[in-house]
Amino acid sequence: MRPKGSKQNQRQKSLSKGELQGGLFSGLYAIFIELGVSRKRLQVWQDRFEALGGTVLMPKAPEFEQDVQIIVLASHRAAISKGFKFPKLRFSTKLTFLEFKWIEECLQSGRLLPYEPYSIATSEAAEVLATKKEEVCEHLEHSTAARTSVSSLTDEDISAAPALVSKVTDEDISASIDLLDNKTDDGVTGEDESNQDSILDDEAPDYNKDLSRPLLELSEIYSNVFADEWRSFTYRKVANKLDKLPYKVSNAEELKNIQGIGKSMIAKVKEILSTGQLQKLENLKANSQVQIMQLFASVWGIGPTVARKLYVAGHRTLHDVSGDQSLSSMARIGLKYHNDISQRIPHAEVTAAGAFVRDVIESLCPGAVMIVGGSYRRGNPTCGDIDLVITHPDGHSHKGLLARLLGRLQELEFLVPFSSSMAESSTHKVDTYLGICKHPQYPLYRRIDFKVYPKDSYAFALVSFTGNDVLNRRIRYLARTKGYKLSDQGLYTRVGKHKDAQASEVSIPCETEEEIFEKLGLPYPEPHQRNW
DNA sequence: AATCGACAGAA
DNA sequence: TTCTGT
DNA sequence: GATT
Ligand SMILES: O=c1ccn([C@H]2C[C@H](O)[C@@H](COP(=O)(O)OP(=O)(O)OP(=O)(O)O)O2)c(=O)[nH]1
Ligand SMILES: [Mg+2]
């Protein structure tokens, strides 16, 4: 559904055959000659070529069933004779030799450009016919990994210009309560509810929305359409950063010294500043495949892979999709409640939902602790979903609690029946349930997450579930560089020096969030300061 | 060219 | 494993 | 995409 996590590192696609019609490159076959360009760059082009309907063939001896036109992309003429073995084809296959520049500009403009200014004259016959075959290299390989830019939009010159960041020092609103303290209270204890939607965020950095919005949109497209999670992630990080600046950026050069913002981003900011938009983004948004895939991927349970699969299968609307039998149960529910789920949840409603669940927990398991985490705990005015973290101070009563809780909530018709992990058992330390709920006094169905942890993991779980995701990834990365492994269940030391290495079965105990940040050498950030 | 968090759950 | 999700 |  959404971008967020970086999912797997490697491959993702491996969808079936050539498309029908629809994609920018649908029906086209191309061979990329990896000479004169970095592998990474090549990979980017191939991925996008396929993402938009094209089929990538291997340089060595491709074979086809029909007469098809094949485009051979290379950096220059010499690369062709050196890196391309003219295949002996059984059918008359037309080969068109083009410079990489062609696909680069096609991608940039979002249109299928004519071959003309890009064709490469080959010494041999421009067309090669043959009568032999080699091996089939349909495209079952597809390795995918990290990629790099392709951009090259407006130039990006840079000059010097200081401009410091600074920031917004805020004071907290919420108190941090970390289990252990309550206990005697009246059963289930809540926590910092920065009550009454009075979350007056100190600063209202709306200064650079016009800059961050387009970048965020690009982030979504890179994730949903191109499955390029890393690129998507950095676009999102930069967008967040711009949102937090306490001043309005009027000159892209001001961003030069901010870490995490490189020349490509500066160039884009520059373009937005001068033209009011990003041509690259506008082109993508104008592409129907992009629009449709984004729509599909906006459904909870549908990611870039399935979105593309559905598109290739010929689906063009959510109604089409709803009839597809291949949908996972999660996607089915995501589709059913798509309209409601798409709505943001007001702070007050999250508070009410939390209270509702808290009461049920209390009746089921006195003494249990529940905290509403996620963006709610960070004090955001609206939330995308409801995140609940549950544990029990006695160290064992949490076991089996989730199943009972879910059962009860369904009886009360708060939870929509949906077998996620309903069947408890759980082989892990953490019981997780992702589902849909509706508070009796509110009209819309909402996404809700439950996570039940043993008390020893509670502080870690709280940090993890409070996020945001960028913070989680950053501090975990930091932990790794310091010889630790941080997760939502503990902080572990790594055996072998720095690189690789693993283990440490036992976590370094931490009772509070403060302890965790302290051990990482970080100043403690209040929940509302964790919107990294 | 390598790295960019760590994990749960469904299929 | 792959995909999607947190 | 950014950083090392
Ligand atoms: O990819 C992710 C997504 C989430 N989380 C953690 C941090 C996050 O704060 C928490 C809850 O996730 P959610 O997706 O609900 O994000 P949120 O921060 O609550 O934002 P919102 O729900 O408003 O979209 O889980 C991650 O570590 N990685
Ligand atoms: Mg949330």
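Numbers restart at 1 for each chain; the letters A, B, ... are given by sequence-line order, proteins then strands.
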Next on the checklist: Go through it in stages, so that I can follow the logic: the residues are A:Phe100 and A:Trp45, the test is ring-ring contact (aromatic ring centres under 6.0 Å, His included), and I'd like the CA-CA distance, side-chain angles, deciding distance and then a yes or no.
Outcome noted: CA-CA 9 Å; A:Phe100 285 132; A:Trp45 287 330; 4.7 Å; yes
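- Picking from B:dG9, C:dT6, C:dT4 the nucleotide with the shortest atom distance to the side chain of A:Asp431 gives B:dG9.
- At a threshold of 4.0 angstrom between heavy atoms, the contacts of A:Asn472 include nucleobase atoms, whether or not backbone atoms are also involved.
- Using a 4.0 Å cut-off between a side-chain N of Lys or Arg and a carboxylate O of Asp or Glu, A:Glu513 and A:Arg377 qualify as a salt bridge.
- A straight line from CZ of A:Phe465 to P of C:dT6 spans 9 Å, rounded to a whole angstrom.
- Per the geometry, CG belonging to A:Leu215 stands 10 Å off P belonging to D:dA2, to the nearest Å.
- Between A:Trp532 atom CH2 and B:dC4 atom P the separation is 18 Å, expressed in whole Å.
- Taking the side chain of A:Gln489 as heavy atoms from C-beta on, and the options B:dA8, D:dT3, C:dT6, the nearest nucleotide is B:dA8.
- Closest heavy-atom contact between A:Leu278 and A:Pro214: CD1-CB, 4.2 Å.
- Taking the side chain as every heavy atom from C-beta outward, A:Arg358 and A:Met370 approach each other to under 4.5 Å.
- What separates NZ of A:Lys237 from P of D:dA2 is a distance of 10 Å, to the nearest Å.
- Here A:Lys485 reaches the OP1 or OP2 of B:dC7: one of its side-chain N or O atoms lies under 4.0 Å away.
- Set against B:dA11, B:dG5, C:dT6, the side chain of A:Phe233 has B:dG5 as its closest nucleotide.
- Using a 4.0 Å heavy-atom cutoff across all strands shown, A:Val306 reaches sugar-phosphate atoms only and no base atom.
- Phosphate proximity of D:dA2 to A:Arg231: absent, as no side-chain N or O sits under 4.0 Å from OP1 or OP2.
- The distance from atom CH2 of A:Trp300 to atom P of C:dT6 is 7 Å, rounded to the nearest whole Å.
- Put simply, A:Arg480 has a side-chain N or O that comes within less than 4.0 Å of OP1 or OP2 on B:dA6.
- Residue side chain A:Trp230 meets the stacking definition with respect to B:dC4: its ring centre sits within less than 5.5 angstrom of the base's six-membered ring centre, and the planes differ by less than 30 degrees.
- Side-chain atoms of A:Ser329 lie closest to B:dA11 of the nucleotides C:dT6, B:dA8, B:dA11.
- Between A:Arg476 and B:dG5 there is no side-chain polar atom (N or O) within less than 4.0 angstrom of OP1 or OP2.
- A distance of 10.0 Å separates CZ in A:Arg476 from NZ in A:Lys485, rounded to the nearest 0.5 Å.
- In this structure, A:Leu478 atom CG and B:dT3 atom P are separated by 18 Å, rounded to whole Å.
- If you measure from atom NZ of A:Lys309 to atom C1' of B:dA11, you get 11 Å, rounded to the nearest angstrom.
- Among the atoms of the strands shown, only primed sugar atoms or phosphate atoms (P, OP1, OP2) are found under 4.0 Å from some heavy atom of A:Ile261.
- As a whole-Å value, the separation of A:Lys40 NZ from B:dT3 P is 11 Å.
- Checked against B:dC4, C:dT4, B:dC7, the side chain of A:Thr305 finds its nearest nucleotide in C:dT4.
- In this structure, of B:dA11, B:dA6, B:dA2, it is B:dA6 that holds the atom nearest to the side chain of A:Arg494.
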Checklist entry - A:Arg41 and A:Glu104: salt bridge (charged side-chain N to carboxylate O under 4.0 Å, His left out), yes or no, with the steps? => result CA-CA 10 Å; A:Arg41 202 160 167 196; A:Glu104 195 169 9; 3.3 Å; yes
